[in-house]
Amino acid sequence: MDTAGAVRQSFLRQAKACDDLGSPFTARLCRMAAERLNEETAVGRQLLRWQGDPTGAGDALALRFAGALHAVVRSGQDPELAAAYPPNNTADDESLWAAVDAALRRDEAFILQWLRSPPQTNEVRRSGALLPGFLTVARLFGKPLMLSEVGASAGLNLQWDRYAYRLGDFAWGPASSVTLAPDWEGPPPPKADLQVSERAGCDLNPLDPASGEDRERLAAYIWADQADRLERTRAALEIAAASDLKVDRADAIQWLAERLERPQGGSTHVVYHSIAWQYLPQDLKARGEALIAQAGDRATYDAPLARLQMEADGKPDGAALILQIWPSGERHEIGRADFHGRWVQWKGWPGL
């Protein structure tokens, strides 16, 4: 397949993913782009001649394009494009694509600049899938948790204990402006005395919750017809800004090596990541796996280690929730979750 064909296929695959994740507008936009992009504009040429991997597991080109257009709309610089975007309803494809095609010319420099950077998201609802894992670790070891998140972006899922939860009939958390209530299937998560002794996260390009520019960057990559995600992210950013926690700008593996060497002070060290590890190059993943295994060999029941993952595993039904603990090395798939945390299928840890 030639480059342009591969790009068009990547847009069609992203359209299906958007349909599955509840964004019919973005799915429609991606399908139209797959069919109608041409080389008459500089943006079209840049996309169709993309030098790299256009797929969602690579450069996520369709998400860059959708994010760039949403950023144009949110900036207020193109009222004609904004009129074709949610919450407005552009009923026919011809009118919508005419607005997009005109924006590719009017906003050319802005869009080309956006296409240079990978998408950044920080999906708060993933905390609704991670919380049962944290409760399981606290129940297993009875110690406070020392948190290390890889790929933390703006740190919104480092603030998970500051949100309220409804997981089926199970409620947890403080009064909060963010309430997470995924569709829940399975037994309730374990009850445990859950305390956080320390928290830190890293990202190659961390976003600052207190920065208006960084907030807008996160908002642009949220699909335009998902107003609930936009509002939830806004509220979570307020909580993160008030906490004054800053995500470290660092290479994930070097950062992780340093975190795994830190004294735990009577806590369980929990390394976790959600839809982040899968984007690391294979050599870095292998180094990271080796580092965690070596730290597991050093773990004791006085200073245990846990790894909580929410990552794609090639199955069509969302992401796997996998928990491994040391010093025993025991590892189980404790559930599955929608990539955006809309639903959780909970299995739990055997015997709890």
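On a predicted model such as this, the values are computed, not experimentally measured, just so you know.
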### Task
Determine, for Trp114 and Arg217, whether the Lys NZ or Arg CZ falls below 6.0 Å from the six-membered ring centre while staying within 45 degrees of the axis.
yes
### Query
Any side-chain donor-acceptor pair under 3.5 Å between Arg259 and Ser148?
yes
### Message
Under a 3.5 Å threshold, yes or no: a donor from one side chain and an acceptor from the other, between Arg49 and Gln46?
### Response
no
### Message
Does atom CZ (Arg31) have a neighbourhood of more than 12 heavy atoms from anything else shown, all under 6.0 Å?
### Response
yes
### Message
Between Phe134 and Trp160, is the ring centroid distance below 6.0 Å?
### Response
yes
### Under-4.0 Å salt bridge between Asp78 and Arg106
yes
### Message
Between Ser243 and Gln159, is there a side-chain donor-acceptor contact under 3.5 Å, judged purely by atom types and distance?
### Response
yes
### Query
Less than 4.0 Å between a side-chain N and a carboxylate O, is that true for Lys246 and Asp244?
yes
### Query
So, the side chain of Arg139 versus the backbone of Lys191: is there a donor-acceptor pair under 3.5 Å, distance only?
yes
### Task
For the pair Arg307 and Glu289, find out whether any cationic side-chain nitrogen is under 4.0 Å from an anionic carboxylate oxygen.
yes
### Message
I'd like to know whether the aromatic ring centres of Phe170 and Trp346 sit less than 6.0 Å apart in this structure.
### Response
no
### Query
Would you call the rings of His332 and Trp349 parallel, tilted or perpendicular, where under 30° means parallel and over 60° means perpendicular?
perpendicular
### Message
With a 4.0 Å cut-off on N to O distance, would you call Glu35 and Arg8 a salt bridge?
### Response
no
### Residue Glu39 excluded, over 12 heavy atoms near CD under 6.0 Å
yes
### Arg199 and Glu149 ion-paired at < 4.0 Å
no
### Task
Using a strict 4.0 Å threshold on nitrogen-to-oxygen distance, state whether Arg215 and Asp208 make a salt bridge.
no
### SB check Glu40 Arg45 (cutoff 4.0 Å)
no
### Query
Among the clusters formed by ILVMFWY side chains lying less than 4.5 Å apart, do Leu63 and Phe110 turn up in the same one?
no
### Message
Less than 6.0 angstrom separating the ring centers of His269 and Trp326, yes or no?
### Response
no
#### Entry: Atom pair CD (Gln345) and CZ (Arg336), whose distance is rounded to the nearest 0.5 Å
7.5 Å
### Query
Counting only heavy atoms not in Asp228, do more than 12 fall under 6.0 Å of its CG?
yes
### Task
Verify side-chain hydrogen bond (donor to acceptor under 3.5 Å, both in side chains) between Asp203 and Ser153, making sure each step is shown before the conclusion.
CA-CA 6 Å; Asp203 201 280; Ser153 189; 4.9 Å; no
### Query
Should Lys16 and Asp20 count as an ion pair when the cut-off is N to O under 4.0 Å?
yes
### Query
Between Asp338 and Arg125, is there a side-chain N and carboxylate O pair less than 4.0 Å apart?
no
### Query
Under a 4.0 Å N-O cut-off, is there an ion pair linking Asp93 with Arg28?
yes
### Query
In terms of the angle between their ring planes, are Tyr301 and Phe141 parallel, tilted or perpendicular, with boundaries placed at 30° and 60°?
tilted
### Message
I'd like to know if Arg126 and Glu123 make a salt bridge, using a cut-off of under 4.0 Å between side-chain N and carboxylate O.
### Response
no
### Task
Over 60° means perpendicular and under 30° means parallel, so classify the ring planes of His273 and Trp277, tilted if in between.
parallel
### Rounded distance (nearest 0.5 Å) linking atom CD1 of Ile325 with atom CG of Leu308
12.0 Å
### Task
Could you tell me whether Arg36 and Glu94 make a salt bridge, using a distance below 4.0 angstrom between a side-chain N and a carboxylate O?
yes
### Query
Which value, rounded to the nearest 0.5 Å, describes the distance between Ser10 atom OG and Asp53 atom CG?
8.5 Å
### Task
Please report the C-alpha distance between Arg287 and Asp283 in whole Å, then the side-chain angles of each, then the deciding distance to 0.1 Å, and finally whether the salt bridge (Lys or Arg N to Asp or Glu O under 4.0 Å) criterion is met.
CA-CA 6 Å; Arg287 284 175 55 199; Asp283 60 330; 5.8 Å; no
### Message
For the OG1 atom of Thr26 and the CH2 atom of Trp223, what is their distance to the nearest 0.5 Å?
### Response
6.5 Å
